[in-house]
Amino acid sequence: MATIELSSVRHTYAPNPDGEAAYALKQIDHTFENGGAYALLGPSGCGKTTLLNIISGLVAPSEGQVLFDGDDVTQLSTAKRNIAQVFQFPVIYDTMTVRENLAFPLRNRRVKRRDARARVDEMLDVIGLGAKANRRARGLTADEKQKISLGRGLVRSDVNAILFDEPLTVIDPLMKWELRAQLKEMHRRFGYTMVYVTHDQTEALTFADQVVVMYEGEVVQVGTPEDLFERPKHTFVGYFIGSPGMNVLPVMVDGASVRLGEYTIDLPGSPKPYLARKLELGIRPEHVRLGAEGIPATVQRVEDAGRLKIVRMKAGGRDVVAVLHEGEEVPADPKITFDPGGINLYADSWRVDLAEPAP
Ligand code: ADP
Ligand code: MG
């Protein structure tokens, strides 16, 4: 296992890039610590696969370095980097049996027969294909083939890291939960460095200790699931994490309060003065209260979401969403307030630290 560092990595697929927009990765500086379980989370096209392929060596970055335990491996081949990678779709040998497929990465590394056998048996158990160990892969379902790919990714114990690129896409929903739980268990048991790419927040938040959120070729936040939820560093993280996402409302700052249209909202602290910049207040639907005091709102729609109610409103000319428990009453003409602890302020989309006193 190794610590993997990306230093000033930029990448473009264009031979003659004209400007920032041509870069799939704009600037990446990030360290994946040895033995960490990371999720790389972001919408389709934000550069996740590109980043993973740069780590494994399938793609050479246009600029910057990749370091394993401090050694520059930017020019090393995939094989020399000693990385296991599991792709979105199965990569297996159709004519080999399930067992032979799993044993292949070990045979390649000349692992002793007895050790290999024990390891393969263990993987057969993890992916639940023990009963089909001697069947050829060709006749198996897409689901089962992908499980073989996962097993092949996990079978070696001497890799620097295991990279997963949306590996459960073709797996049926019930099995997804089980396999994800098993990956987490494998991580606990063997302490692999794991990087798991997904566009699904639930998958990222349940798998990883640290979630790396990407947006348009950049890392916008690295944190625990709780950090991402409570203190989104960028308005994109606020929208993207949580369901429904954070309310983001354009405001004007006035000392230790902000103005939303004609209404004043007190901030939990004073920001530095921000001049002529885009300022927004971020508040999670869970922190919006409906009552008799505050900003008048009109309820537009109430959605039933199991044990919660999603209340969609207009307030101060803006869309505001609140989440209530199923038993809570929705007043006909509510007034809304925000929990002070749930208020975030954003300047040009980046979170402002409200703890710092005004200079
Ligand atoms: P993700 O995995 O997050 O969906 P990708 O890393 O696949 O994102 O893609 C990032 C950007 O790079 C996208 O705009 C995509 O169209 C572009 N891209 C990816 N692979 C190639 C390629 N081989 N050639 C040209 N452009 C590519
Ligand atoms: Mg991808």
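Bear in mind that the values here come from a model prediction, so they are computed numbers and not experimental data. Atoms within each ligand, like the ligands themselves, are counted from 1 in listed order. In what follows, residues are counted from 1 in the order of the sequence shown.
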Quiz item: Protein heavy atoms: any of them under 4.0 Å from atom 15 (C) of ligand 1?
Solution: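 There is no protein heavy atom less than 4.0 Å from atom 15 (C) of ligand 1.
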
Quiz item: Nearest protein heavy atom to atom 26 (N) of ligand 1: under 4.0 Å?
Solution: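 So far as the 4.0 Å threshold goes, atom 26 (N) of ligand 1 is in reach of a protein heavy atom.
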
Practice problem: Examine ligand 1 and decide if any of its atoms is less than 4.0 Å from a heavy atom belonging to Gly42. | Solution: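 No heavy atom of Gly42 comes that close to ligand 1.
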
Practice problem: Could you tell me whether the side chain of Glu328 and the main chain of His325 form a donor-acceptor pair under 3.5 Å? | Solution: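 Yes; at least one donor-acceptor contact below 3.5 Å.
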
Quiz item: Is there a donor-acceptor pair under 3.5 Å between the side chain of Arg10 and the backbone N or O of Ile28?
Solution: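 No, Arg10 side chain to Ile28 backbone: no donor-acceptor pair under 3.5 Å.
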
[X]-[Y] side chain donor-acceptor pair, cut-off 3.5 Å:
{"X": "Glu166", "Y": "Thr198", "answer": "no"}
{"X": "Glu33", "Y": "Tyr38", "answer": "no"}
{"X": "Arg180", "Y": "Thr206", "answer": "yes"}

Exercise. Go through the steps for Tyr192 and Phe190 under the test ring pair (Phe, Tyr, Trp, His ring centres under 6.0 Å), then give the verdict.
Key: CA-CA 6 Å; Tyr192 300 126; Phe190 300 110; 5.6 Å; yes

Self-check item: Proximity winner for atom 9 (O) of ligand 1, if only heavy atoms of Thr49, Thr50, Leu52 are counted
Solution: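 The option holding the nearest heavy atom is Thr50.
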
Among all protein heavy atoms, pick the one closest to [atom] and tell me residue, atom and distance.
{"atom": "atom 18 (N) of ligand 1", "answer": "Tyr13 CE1, 3.4 Å"}
{"atom": "atom 13 (C) of ligand 1", "answer": "Gly45 O, 3.8 Å"}
{"atom": "atom 8 (O) of ligand 1", "answer": "Gly47 N, 3.2 Å"}

Quiz item: Does Cys46, backbone or side chain, put an N or O under 3.5 Å from an N or O of ligand 1?
Solution: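 Yes, Cys46 has an N/O under 3.5 Å of an N/O on ligand 1.
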
Quiz item: Is the His234 ring parallel, tilted or perpendicular to the Trp350 ring (thresholds 30°, 60°)?
Solution: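 Geometry flag for Trp350 against His234: perpendicular rings.
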
Self-check item: Backbone or side-chain N/O/S of Thr49 under 2.8 Å of the Mg ion (ligand 2)
Solution: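 It does; at least one qualifying atom falls short of 2.8 Å.
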
